[in-house]
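Shown next, in structure tokens, is the structure this report addresses.
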Amino acid sequence: MQKKYSWYSLLKAGLANQDWDKAIPSSKPKSKYDVIIIGGGGHGLATAYYLAKECGITNVAVVEKGYIGGGNTGRNTTIIRSNYLRDEASSLYEHSMRLWEGLSEDLNFNVMFSQRGVYNLGHTLQDMRDIERRVNANVLNGVDAVVVDHKEIKEQIPIINTSKNVRYPIMGASFQARAGVARHDGVAWGFARAASNLGVDIIQNCEVIDIEVEEGRVKGVKTTQGDIMADRVGCVSAGHSSVIARMAGLRLPVESHPLQAFVSEAMKPILHTVVMSNAVHGYVSQSDKGDLVIGAGIDGYNSYAQRGSAKIVEHCAAAILELFPIFSRVRMNRQWGGIVDVCPDACPVISPTKIEGLYFNCGWGTGGFKATPGSGNVFAHTIAQDKQHDLAVPFHIDRFTTGALIDEHGAAGVAH
Amino acid sequence: MFSIHCPYCKEPRDQNEFSPAGEAFIARPENPEALSDEQWADYVFYRTNLKGDHWEQWVHTSGCRKYFLVKRSTISHEVIEVATFEEIDSENAS
């Protein structure tokens with residue numbers, strides 16, 4: 001395996017008949033680790049990476065039931081922003097944003113992080129009041145944000161429809177210039193490669209089927225590739241968090257729903273930024289490959305099926321076409337769903353549990369991708385020190401008992 | 001996309017006509033004052049979120065507007081059983 005990518009390694013491998021080394025070695029599980037991470041998505045891999053890099057714990061296994069990049073990490077619409085309303089949430093997402101800004105160099109892997117800006121549109125007077133409030137909160141928290149009016153939006157995005165003769169005319173938007181997109185599965189590959197370079201075992205096609213608990217302490221996990229012992233287990237299994245929790249006899253304040261997205265055929269550059277609208281319920285950007293990446297909302301019913309209802313897609317397509325009538329002839333290439341675990345307050349759980357040594361990082365709902373590095377970072381410290389990272393403290397699972405919820409529906413809502 | 005047989009309209013209708021209304025058999029505690037914070041949190045926020053055959057409530061929003069029970073697979077979306085609240089409760093649900 002190549003330890004470091006550089007112009008020299010590119011030249012060397014190029015001359016050697018393109019004999020590329022594998023980016024991630026395939027590992028078989030050992031019988032015991034210091035820490036097991038359940039779930040090899042972006043958040044799980046980031047947790048393992050920061051455990052090894054910042055906490056000095058390298059005897060770590062990431063156990064993934066599928067393959068790296070095959071779950072929600074490779075299914076989302078890749079939007080990254082940190083303009084959340086509440087202090088607790090914006091601190092966490094801004095922490096993540098700062099890690100994104102140095103991530104490609106840090107991982108020695110190009111995650112194609114592109115700070116092309118994100119517009120969150122407002123269509124009613126109340127939308128605009130909420131946007132102003134959120135922008136002011138962002139500025140106070142050191143997060144870059146401005147309010148723009150519909151004229152400025154039209155100047156920046158000439159193809160957008162700012163006509164007043166539509167059902168939900170665009171009145172203005174919040175704009176975060178440092179926001180943007182990244183190559184989603186590349187993020188998983190980058191973290192996986194960097195973590196395994198530091199000694200972490202990435203074990204693919206290995207499903208956890210039970211969690212061993214003795215006298216209130218976690219002992220390890222049973223998997224389809226045998227038993228693995230560890231004193232500390234971190235669960236980062238997104239849509240399947242409740243399933244994993246059940247193995248340890250726990251319940252979680254989350255429900256799993258399908259979230260859908262679709263991409264068009266590739267086109268020449270036409271949309272240079274990211275446009276989101278909570279009110280009409282759709283978000284769109286154009287990938288570097290040229291396809292439009294469009295995200296819809298969740299279905300209201302519980303599901304683990306990785307597909308949703310056609311009416312959600314229809315609703316989203318209608319919203320996108322009202323914003324961008326020029327896209328009406330664009331043909332869609334693919335459509336898919338992912339399973340997201342939604343918390344009642346639209347904020348994640350990053351927390352120890354009643355079982356000693358068992359930690360959960362879940363409930364990111366529809367917007368986990370943007371938090372990938374920050375989530376992994378604070379979760380790694382939480383596991384390593386058996387004490388929540390300062391930024392994770394408000395996201396303790398006990399907030400549902402104490403009532404200290406962090407209501408982010410305004411900034412998170414449907415469109416992340 | 002699936003269809004649901006409404007037990008009141010007595011015919012299968014498109015899922016679009018219905019709205020999901022959460023996990024079934026979560027009864028409001030008879031004496032909320034007597035509950036601990038943990039029990040109240042469990043009632044309000046914690047859910048089974050079952051992967052498998054799940055009893056849940058649906059309402060026929062664009063039809064008779066009545067609530068009823070559906071047992072549906074959260075893996076395949078197959079509707080296995082529908083019932084009214086009179087027919088089934090947490091005691092005799094299978």
Side-chain angles (χ1 to χ4, degrees), chain A residues 65 207 209 237-247 249-258 260 298-315 335 337 339-347 349 353-354 360 362-363 396-405, chain B residues 1-6 12-26 29 32-33 35-63 67-82 90:
Chain A
K65 82 170 167 182
E207 183 174 356
I209 45 181
S237 47
H240 277 70
S241 294
S242 296
V243 176
I244 301 289
R246 210 176 156 87
M247 293 173 188
L250 298 174
R251 269 155 66 86
L252 295 174
V254 299
E255 286 197 300
S256 298
H257 296 274
Q260 299 183 83
I298 60 167
D299 273 289
Y301 52 79
N302 286 21
S303 173
Y304 290 86
Q306 292 190 322
R307 63 173 186 273
S309 303
K311 81 162 177 183
I312 301 282
V313 175
E314 190 181 359
H315 184 72
Q335 169 269 338
I339 299 304
V340 297
D341 47 332
V342 178
C343 258
D345 59 355
C347 275
V349 169
T353 63
K354 281 183 280 189
F360 266 88
C362 64
H396 199 288
I397 197 165
D398 277 354
R399 74 177 186 272
F400 296 99
T401 309
T402 61
L405 304 190
Chain B
M1 191 74 77
F2 44 94
S3 67
I4 297 174
H5 185 99
C6 174
R13 296 285 186 89
D14 192 279
Q15 173 228 323
N16 285 349
E17 290 189 17
F18 301 86
S19 309
E23 187 179 327
F25 311 131
I26 301 175
E33 297 290 320
L35 295 187
S36 67
D37 288 349
E38 284 75 21
Q39 289 168 320
W40 186 245
D42 194 69
Y43 162 66
V44 177
F45 295 122
Y46 283 71
R47 293 294 177 263
T48 311
N49 197 19
L50 190 69
K51 183 179 185 180
D53 296 346
H54 184 235
W55 274 107
E56 55 201 11
Q57 307 176 122
W58 284 75
V59 55
H60 197 175
T61 324
S62 311
Y67 283 80
F68 57 94
L69 294 161
V70 176
K71 185 183 181 184
R72 187 182 58 92
S73 165
T74 57
I75 302 168
S76 68
H77 294 173
E78 184 198 355
V79 175
I80 298 153
E81 200 176 335
V82 292
S90 57

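All chains are named by letter (A, B, ...) in the order of the sequence lines, taking the proteins before the strands, and each is independently numbered beginning at 1. Side chains included, hydrogens not; waters and symmetry mates left out as well; all remaining heavy atoms used.
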Does B:Ser36 reach the main-chain N or O of B:Gln39 with its side chain, forming a donor-acceptor pair under 3.5 Å? yes
Under 3.5 Å donor-acceptor, A:His257 side chain and A:Tyr301 backbone: yes
Is there any salt bridge (Lys or Arg N to Asp or Glu O under 4.0 Å) pair reaching into residues 39-50 of chain B, and which pairs are they, with sequence neighbours excluded? A:Arg251-B:Asp42
Greatest number of non-hydrogen atom pairs under 4.5 angstrom with chain B, of A:Ala310, A:Ser256, A:Gly300, falls to A:Ser256
Pick whichever of A:Ser303, A:Ser309, A:Cys343 has the most heavy-atom pairs under 4.5 Å with chain B. A:Ser303
With sequence neighbours excluded, tell me which residues meet salt bridge (charged side-chain N to carboxylate O under 4.0 Å, His left out) with A:Asp345. A:Arg399
Would you mind checking which part of A:Arg246 comes under 4.5 Å of any heavy atom in chain B, side chain (CB onward), backbone (N, CA, C, O), both or neither? side chain
When the 4.5 angstrom heavy-atom criterion is applied to A:Leu405 and chain B, the contacting part is side chain
So if I take each residue of residues 52-60 of chain B and look for any heavy atom under 4.5 Å from a heavy atom in chain A, which residues do I end up with? B:His54, B:Trp58
For B:Tyr46, give me all partners under side chain to side chain donor-acceptor pair (under 3.5 Å), at least two apart in sequence or on another chain. none
Between A:Leu252 and A:Val349, is any pair of side-chain heavy atoms under 4.5 Å apart? no
Using a 4.5 Å cut-off on heavy atoms from C-beta on, say whether the side chain of B:Phe68 contacts that of B:Phe18. yes
If we define contacts as heavy-atom pairs under 4.5 Å, which of B:Thr74, B:Leu50, B:Asp37, B:Asn49 has the most with chain A? B:Asn49
Residue B:Gln15 versus chain A: region with a heavy atom under 4.5 Å: side chain
Dump the intermediate steps for side chain to side chain donor-acceptor pair (under 3.5 Å) on B:Thr61 and B:Glu17, then the final yes or no. CA-CA 6 Å; B:Thr61 324; B:Glu17 290 189 17; over 6 Å; no
Counting heavy atoms not belonging to B:Phe2, are there more than 12 under 6.0 Å from its CZ? yes
